[in-house]
Enquirer: 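One structure follows; several queries about it will come next.
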Amino acid sequence: MLPFSVSVKIGDKVCDLGIVEADEFSVVSIINDAKKAFEGDFIKEFDILKLSIIFPWSMQRYVLETDADLLAVLQEYDKLLVDSDIELDFEYHPDLESNDDSNVSLFDSIVEAEDSMDVDGSGSLRCDPNEIGGYHSSDEENGATRMVRYCVKHEWKPNLDGSISLSEGQVFRNAQMVRDVVRGYAIQEGFELNRLKNDQSVVAGKSINSNPTISAKSLKNELHDKFGVECSSQSVYRAKKKVLKTLRADHENSYAQIRKYGNILIKMNPGSMAKVHVNTDVEDSPKFERFFVSFRAMQTGFVKGCRPLIGLDGCHLSSEYGGVLLSACAMDADNGIFPLAYCVVESENTDSWSFFLQFLREALQWNTQKAICFMTDRQKGVLAAIKNEWPTAGNRYCFRHISANFHAKKKFSNLDINGLLWQAAKQGSEVGFKQVMEKIKVISVDAYNWLMNIPINSWARHCFDDRIKSDHITNNMSECFNSWIKDDRDKPILTLMECLRRKVMVRFSEKWDEVEKMNDTISTYSRKRLNKAVDDGRKLIVYHGRGEYHETVDSFGKRCLVNLSEMSCDCGQWQISGFPCAHTAAVIDYRRQYTHDYIHWYYSKEAFKLTYEGSINPIPDPSMWPDAEGTPPEPPKRRNAVGRPRKNRRREPDEGPAPSKSFTKHCKS
């Protein structure tokens with residue numbers, strides 16, 4: 001139930017009590033606040049209060065005796081009449097002994113619902129004034145109103161002689177009432193109470209689990225703000241230490257179960273790959289070092305339906321034992337991320353990347369005669385590992401990182417040519433590329449030389465292999481994957497692996513349902529991009545002779561040649577991306593043909609369906625996992641960096657400052 005806006009009216013005066021949650025106000029609190037606002041003091045001990053409600057659909061008045069009655073009415077009002085008003089009448093008698101009618105004040109309170117949407121549009125509320133809550137049949141009640149009825153019926157009350165009886169199912173208004181009743185019952189029955197102190201570590205654990213690095217001071221403040229718990233700094237410190245010890249035990253147990261986990265993944269998902277690597281160069285038990293996972297559904301989906309472009313990246317884990325999660329992602333026909341494999345390693349280096357790429361090659365069983373390309377940020381060791389494990393693969397470098405490295409150079413920091421850099425990278429033709437680079441050269445020869453020293457086939461779009469059918473110049477697919485899993489990086493390794501498996505499992509299921517409901521022959525993303533090309537193409541003029549080529553001219557007189565039979569355009573965009581550009585769309589429209597017939601198969605519904613036709617299966621409870629051979633590995637050695645651990649990611653120079661949680665905005669005059 002959404003909050004209610006409460007106001008109280010008497011005569012021409014109106015008192016606004018503000019926005020109040022339904023479970024945070026009562027009959028007494030409303031009267032109390034209203035009386036204070038209008039008469040200057042609160043209700044007294046012997047005041048007689050009565051609340052009644054007039055339903056606008058019947059104009060009948062019903063008396064509400066308890067807060068439970070009020071809550072039930074608000075619940076039903078929220079359900080049936082969300083865009084109407086409730087008029088509540090309060091009668092106040094300041095003196096129990098007085099019968100003077102002049103002492104009666106009438107308060108009219110109007111409670112307006114914040115909701116603006118009708119839930120079910122059903123009929124009016126049917127109330128019986130002789131029945132608490134005003135309901136004819138329990139079949140018409142929802143869960144909240146049934147709960148209210150139960151609470152009213154089973155509310156604890158003292159016996160007629162004042163004695164105390166306790167029985168199962170009794171309901172108390174609050175914790176203080178429980179304490180008072182139990183204390184009185186102990187005195188009545190003559191036994192001692194052994195009151196257990198509240199375990200603050202249980203409450204503290206709810207914050208520490210989500211943020212193990214939280215300081216004791218911050219934790220103390222959070223406990224007070226969220227849970228209303230007051231405790232000393234020393235108590236918070238001890239509670240945090242206790243929780244962290246429990247968390248550490250969870251981490252250690254996760255590593256011991258990792259072999260069994262890998263076995264159950266393969267058993268429930270035949271054809272999948274799960275590889276555990278341990279460090280045996282130690283005197284005691286083997287230490288965990290790496291764990292690689294790739295499901296069969298990922299492998300077949302990529303081979304059958306995805307463009308052969310794989311984004312590689314690593315993100316640091318913030319769990320007890322740290323490490324790095326390496327990932328490989330592709331893109332589906334709808335330009336969404338398609339996870340291929342992931343692997344927990346000790347750090348990013350040539351050896352760990354070679355381990356990851358070796359098993360990725362074995363999992364995909366890729367035909368070396370087919371084109372494939374990797375997109376990277378040029379991380380430590382990744383380029384050498386690609387050269388060793390995928391010698392025939394192409395390489396692309398994320399241009400966002402190239403741009404960031406450029407601006408990080410002191411001699412280039414004052415150059416305002418970021419727009420030209422990106423313009424050069426996005427050019428689809430060699431002619432356009434050279435024209436932009438000449439502009440950069442005029443501004444700074446050093447900048448020109450620095451950029452040209454990076455292999456242009458790794459960052460300049462016009463040099464990309466047109467068999468890949470992707471014009472991406474950034475590694476956004478990997479960045480999206482890292483953002484997708486950011487809330488799971490601090491978890492024990494088994495919990496992390498399960499979070500990843502479930503995310504991918506659900507994604508496969510949801511994408512399959514999405515494909516099944518498609519009425520188009522191409523993906524939604526493809527249709528939107530194609531429509532934009534068609535709209536832009538209508539601004540061009542098309543000329544055609546007797547040959548295969550068509551000539552398009554824009555409003556500036558710039559011309560472009562298109563050959564539909566060869567599926568080529570002078571701008572280069574069609575060949576590289578597989579999408580008809582605006583020039584191509586103009587020619588296709590001129591020929592009275594369908595543009596979607598000229599889009600590459602990788603963006604079709606058929607490719608989309610083949611990508612997600614596989615499925616990832618759930619796994620049983622850990623008690624049912626088969627035993628694994630070998631000694632269970634111990635956790636890796638913790639590597640504590642020098643200095644205070646960083647809490648925020650180091651941002652690139654061109655990213656700007658991180659968004660602040662609070663800010664001040666000044667209006668311009």
Side-chain angles (χ1 to χ4, degrees), residues 117 119-120 261 264-274 293-311 313 325 327-342 360 363-364 469-470 472 476-488 491 495-532 577-579 594-597 599-621:
M117 186 189 331
V119 178
D120 59 4
Y261 179 73
I264 196 62
L265 287 184
I266 296 174
K267 180 180 178 180
M268 298 302 297
N269 298 272
S272 299
M273 184 175 288
V293 174
S294 178
F295 290 96
R296 182 63 177 170
M298 297 175 170
Q299 303 157 17
T300 57
F302 173 77
V303 174
K304 290 182 178 181
C306 290
R307 288 161 282 172
L309 176 66
I310 300 176
D313 199 11
L325 181 70
S327 63
C329 295
M331 291 178 292
D332 59 29
D334 203 37
N335 224 40
I337 60 170
F338 182 81
L340 269 176
Y342 44 85
L360 180 63
L364 296 180
K469 298 304 175 190
S470 175
H472 279 248
N476 281 348
M477 65 191 100
S478 295
E479 299 294 341
C480 289
F481 178 82
N482 292 340
S483 177
W484 192 39
I485 65 167
K486 65 179 182 179
D487 294 334
D488 304 318
K491 294 179 171 57
T495 307
L496 170 64
M497 293 293 105
E498 274 296 86
C499 289
L500 293 176
R501 180 189 63 80
R502 288 168 179 156
K503 283 178 182 289
V504 177
M505 178 177 69
V506 171
R507 181 170 179 81
F508 266 69
S509 177
E510 291 176 346
K511 286 295 181 181
W512 176 258
D513 293 340
E514 182 181 332
V515 175
E516 288 289 278
K517 296 176 183 177
M518 282 178 58
N519 296 320
D520 204 344
T521 57
I522 60 177
S523 68
T524 304
Y525 163 79
S526 306
R527 178 60 66 186
K528 290 180 180 179
R529 182 167 175 176
L530 208 57
N531 289 341
K532 185 179 185 306
S577 67
F579 273 104
Y594 295 108
T595 6
H596 59 250
D597 290 338
I599 197 171
H600 197 276
W601 177 85
Y602 280 132
Y603 302 96
S604 67
K605 176 182 178 179
E606 181 184 4
F608 201 7
K609 192 170 185 177
L610 288 173
T611 302
Y612 292 102
E613 69 174 355
S615 62
I616 298 174
N617 298 320
I619 62 174
D621 186 79

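Here the structure is a predicted model, which is why all the values come from computation and not from measurement.
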Enquirer: When Y602 is tested against each of S470, S577, P308 for side chain to side chain contact (heavy atoms under 4.5 Å, CB included), which residue passes?
Expert: P308
Enquirer: Could you tell me which residues satisfy salt bridge (Lys or Arg N to Asp or Glu O under 4.0 Å) with R296, sequence neighbours excluded, listed by chain and number?
Expert: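 Once residues adjacent in sequence are excluded, R296 has no partner under the salt bridge (Lys or Arg N to Asp or Glu O under 4.0 Å) criterion.
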Enquirer: Have R307 and Y603 got a donor and an acceptor in their side chains that come within less than 3.5 Å?
Expert: yes
Enquirer: For G336, does its backbone N or O pair with a side-chain atom of D334 as donor and acceptor, under 3.5 Å?
Expert: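 Not confirmed, D334 side chain does not pair with G336 backbone.
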Enquirer: Are any of the side-chain heavy atoms of I337 and R507 separated by less than 4.5 Å?
Expert: yes
Enquirer: Not counting sequence neighbours, which residues clear ring-ring contact (aromatic ring centres under 6.0 Å, His included) with Y261? List them please.
Expert: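 Y261: ring-ring contact (aromatic ring centres under 6.0 Å, His included) contacts with W625.
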Enquirer: Decide if atom CG of D621 counts as having more than 12 heavy atoms of other residues, nucleotides or ligands within a radius under 6.0 Å.
Expert: yes
Enquirer: Charged N to carboxylate O under 4.0 angstrom, E606 versus K609?
Expert: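 So E606 does not pair with K609 through a salt bridge.
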Enquirer: Taking S604 for its side chain and I522 for its backbone only, find out whether a donor-acceptor pair lies under 3.5 Å.
Expert: no
Enquirer: Could you check whether any side-chain heavy atom of I310 comes within less than 4.5 Å of a side-chain heavy atom of C329, counting everything from C-beta outward?
Expert: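 Not in contact.
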Enquirer: Just so I know, are the side chains of W484 and E479 near enough to count as touching, which here means a heavy-atom distance under 4.5 Å?
Expert: no
Enquirer: Any chance you could measure T611, atom OG1, to K511, atom NZ, to the nearest 0.5 Å?
Expert: 10.5 Å
Enquirer: Specify whether F608 and Y612 have parallel, tilted or perpendicular ring planes, treating 30° as the upper limit for parallel and 60° as the lower limit for perpendicular.
Expert: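 Correct class here is perpendicular.
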Enquirer: Identify, with sequence neighbours excluded, every residue that meets salt bridge (Lys or Arg N to Asp or Glu O under 4.0 Å) alongside D488.
Expert: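 If we apply the salt bridge (Lys or Arg N to Asp or Glu O under 4.0 Å) test to D488, skipping adjacent residues, the hits are K491, K503.
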Enquirer: Sequence neighbours left out, what passes salt bridge (Lys or Arg N to Asp or Glu O under 4.0 Å) with K605? Give chain and number order.
Expert: none
Enquirer: Taking the side chain as C-beta and beyond, is there a heavy-atom pair between R501 and L265 under 4.5 Å?
Expert: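 Counting from C-beta outward, R501 and L265 do come under 4.5 Å.
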Enquirer: Does P620 reach the side chain of I264, with side-chain heavy atoms less than 4.5 Å apart?
Expert: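 A side-chain contact under 4.5 Å exists here.
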Enquirer: Just to verify, what does E613 make a salt bridge (Lys or Arg N to Asp or Glu O under 4.0 Å) with, not counting sequence neighbours?
Expert: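 Salt bridge (Lys or Arg N to Asp or Glu O under 4.0 Å) list for E613, sorted by chain: K304.
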Enquirer: Taking side-chain hydrogen bond (donor to acceptor under 3.5 Å, both in side chains) as the definition, give me every residue that meets it alongside N269, ordered by chain and number, with sequence neighbours left out.
Expert: none
Enquirer: Judged by atom type as modelled, is there a donor-acceptor pair below 3.5 Å linking the side chain of Q299 to the main-chain atoms of S294?
Expert: yes
Enquirer: Below 4.5 Å, heavy atoms only, C-beta onward: do F508 and S615 meet side chain to side chain?
Expert: no
Enquirer: Nearest 0.5 Å, please: how far is OG in S327 from CG in L340?
Expert: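 Separation between the atoms: 10.0 Å.
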Enquirer: Side chains of L530 and R527: does their closest heavy-atom pair fall under 4.5 Å?
Expert: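 Yes - at least one pair of side-chain heavy atoms lies under 4.5 Å apart.
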Enquirer: How about M505 and P618: do any of their side-chain heavy atoms sit closer than 4.5 Å?
Expert: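 In contact.
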